[in-house]
Amino acid sequence: MNIWVPKEIVTKKDGNIVYIPPTKPAVVLLHAFAMDGILTWFLQVLALSREYSVYVPDLLFFGGSITNRNERSASFQAEFVAKGLGKLQVEKLTLVGLSYGGMVGFKMAKLYPDLVKSFVASATVIELTESISVDAYKRLGLSTWSDLLMPTTVEGLEMMFSVGLHKLPWIPKFIYRDFLECSFPHELELSCNKRNNKKQVRDVQIGSPLQFQVMFNNRKERNELLEELVVPDEEAMDTNYSQAIPKINLGTVTEISR
C-alpha cells in the first residue's frame, strides 16, 4: 500500500530508511472512489501539515497501491491501512473519510478502536446497503454503482462529475473526451503521447493527464470493490463503537463511553 507521509517522520539509520513516530497529532485522510489520495487531498495536506502529521493512503487498486489477494471488502481496505500505519509508528489518529473513504473509515473505527480516536465522515454512509443502493439506482437511472463510478463514455463521465460535485461548471465535451482518453492506460501512449509528440511521459505532475489515469485504471478490481461494497440490509454493520463520544452541554464538553 502506498501512503504519502510527513517528511519529518522519515530518517536514515545505517543507510536504511527508518520511520519515527509523529511528534504532532496524526491525521489520516481517506479518499473517495474516483481519485487517489494525493489528488483528492492535496489542498488539505497543505492546509493541515503545519499543525498535524498528515498521512494520505492510496487505497488498494488506487494510485500506487496493489495486492494479489482476492478480498475486496471495505474491511479488507481498513486492515491494510491500519497495518501500514502501524509500520509507520502511528499509534493514535484522527481519521477523515470522504465517500468511499468514509465507508472504509467506519470499518477502521469499528475494527481498530485503539488506533482511531476520532473520525470525521463526509458525503458517505456507514454501510452501503441494498436498500440504499436500489433507491439510488432508481433516482439516477443506474443498474450498478459501476455505471456511475467507472464510466466509459463522455456522457457517463459528465454524470459522475455532476453527481459528485456541488456545482459543476460548464465544461466543453472535448475536455471530457480528452480526459477520458487519458484515463485509460492502454490508450495513453496512443492518445496523450501522440498529441504531445512524445514516445513516453515520465514526469507526472499533479493534475496532468497521466496523473488522472488513476481514476479508471485497475478496472476489473475496482468493479469488484463496488460489487463487494453493497451488503444486504440485515447484514449491515453494528453501529455501536467503543470510542469515547464527546457530549456538548451548555458550552462544556464531557466524554461518555458506550
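The figures here come from the full heavy-atom set of this structure, side chains too, leaving out hydrogens, waters and symmetry mates. In this chain, numbering begins with 1 at the start of the sequence shown. Fair warning: this is a prediction, and the values are worked out from it, not measured in the lab.
A donor-acceptor contact shorter than 3.5 Å links the side chain of Gln243 to the backbone of Ala109. In this structure a side-chain-to-backbone donor-acceptor pair under 3.5 Å is present from Lys24 to Ser49. For Lys92 (side chain) and Asp114 (main-chain N/O), a donor-acceptor pair under 3.5 Å exists by modelled atom type. In terms of modelled atom types and a separation under 3.5 Å, the side chain of Asp135 and the main chain of Ile132 share no donor-acceptor contact. Under the 3.5 Å distance criterion, the side-chain polar atoms of Gln77 are matched with a main-chain donor or acceptor of Leu60. In terms of modelled atom types and a separation under 3.5 Å, the side chain of His31 and the main chain of Leu59 share a donor-acceptor contact.
Between atom CE of residue Met159 and atom CG of residue Leu140 there is a gap of 4.5 Å, rounded to the nearest 0.5 Å. In this structure, OH in Tyr137 is found 6.0 Å from OG1 in Thr144, a value given to the nearest 0.5 Å. Interatomic distance, Met108 CE to Leu95 CG, rounded to the nearest 0.5 Å: 5.0 Å. Interatomic distance, CG of Asp36 versus CG of Asn217, reported as 9.0 Å (0.5 Å rounding). Atom CE of Met103 and atom CG of Leu225 lie 11.5 Å apart (nearest 0.5 Å). If you take CD on Glu158 and CD1 on Ile175, they are separated by 12.0 Å, rounding to the nearest 0.5 Å.
Under the 4.5 Å side-chain contact rule for hydrophobic residues, Leu48 and Val45 share a cluster. Under a hydrophobic-cluster definition in which Ile, Leu, Val, Met, Phe, Trp and Tyr are linked whenever side-chain heavy atoms come within less than 4.5 Å, directly or via other members, Leu115 and Leu111 are assigned to the same cluster. Both Met160 and Leu168 belong to a common hydrophobic cluster when Ile, Leu, Val, Met, Phe, Trp and Tyr are linked at side-chain heavy-atom distances under 4.5 angstrom. When hydrophobic clusters are built by joining Ile, Leu, Val, Met, Phe, Trp and Tyr residues whose side-chain heavy atoms come closer than 4.5 Å, directly or via intermediates, Val28 is grouped together with Ile20. When the side chains of ILVMFWY residues are joined at heavy-atom separations under 4.5 Å, either directly or via intervening members, Val231 and Ile126 end up in two distinct hydrophobic clusters.
Every residue meeting the side chain to side chain donor-acceptor pair (under 3.5 Å) condition with Glu224, not counting sequence neighbours, appears here in chain and number order: Arg72, Lys220. With sequence neighbours left out, the side chain to side chain contact (heavy atoms under 4.5 Å, CB included) criterion links Val134 to Lys138. Annotation: side chain to side chain contact (heavy atoms under 4.5 Å, CB included) contacts of Asp238 (sequence neighbours excluded): Lys110, Asn240. Scanning for salt bridge (charged side-chain N to carboxylate O under 4.0 Å, His left out) contacts around Lys83 gives Glu79, with sequence neighbours left out. Looking at residues two or more places apart in sequence or on another chain, you find a salt bridge (charged side-chain N to carboxylate O under 4.0 Å, His left out) between Glu71 and Arg69.
Side-chain atoms of Ser131 and Thr129 form a donor-acceptor pair, as typed in the model, at a separation below 3.5 Å.
Ring geometry for Phe33 versus Tyr100: interplanar angle over 60°, hence perpendicular rather than tilted (30 to 60°). Between Phe106 and Tyr241, the ring planes are tilted. Angles from 30° to 60° get that label.
Contact of the Tyr19 side chain with the Val10 side chain is registered, since non-hydrogen atoms from C-beta on lie closer than 4.5 Å. Counting heavy atoms from C-beta on, the side chains of Leu226 and Met150 come closer than 4.5 Å. Val54 has its side chain out of reach of Trp41: every pair of non-hydrogen atoms, C-beta onward, lies at least 4.5 Å apart.
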What's the verdict on side chain to side chain contact (heavy atoms under 4.5 Å, CB included) for Leu98 and Leu30, showing C-alpha distance, side-chain angles and the deciding distance? CA-CA 6 Å; Leu98 174 64; Leu30 300 180; over 6 Å; no
Would you sort out whether Lys107 and Phe76 count as a side chain to side chain contact (heavy atoms under 4.5 Å, CB included), showing the intermediate values? CA-CA 9 Å; Lys107 294 293 186 182; Phe76 181 56; over 6 Å; no
How far apart are the C-alpha atoms of Val96 and Gln44, what are their side-chain angles, what is the distance that settles it, and do they pass the side chain to side chain contact (heavy atoms under 4.5 Å, CB included) test? CA-CA 11 Å; Val96 181; Gln44 286 76 15; over 6 Å; no
Between Leu29 and Thr40, does a side chain to side chain contact (heavy atoms under 4.5 Å, CB included) hold up when you go through it step by step? CA-CA 9 Å; Leu29 307 176; Thr40 300; over 6 Å; no
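Across Ser118 and Thr94, no two heavy atoms sit closer than the pair OG-OG1, 2.9 Å. Across every non-hydrogen atom of Gly97 and Phe119, the tightest pair is N-CE1, 3.7 Å. Among all heavy-atom pairs drawn from Asn218 and Phe61, the shortest one is ND2-O, 3.3 Å. Closest approach of Ala121 and Thr124 over heavy atoms only: CB-CG2, 3.7 Å. Across every non-hydrogen atom of Pro151 and Leu157, the tightest pair is CB-N, 3.6 Å. For the residue pair Ser146 and Asn223, the shortest heavy atom distance occurs at OG-OD1, 2.6 Å.
Sorted by first and then second residue, the side chain to side chain donor-acceptor pair (under 3.5 Å) pairs with a member in residues 50-65 read Asn2-Asp58; sequence neighbours excluded.
Annotation for Glu91: atom CD does not count as buried by contact number, only 12 or fewer foreign heavy atoms lying within 6.0 Å.
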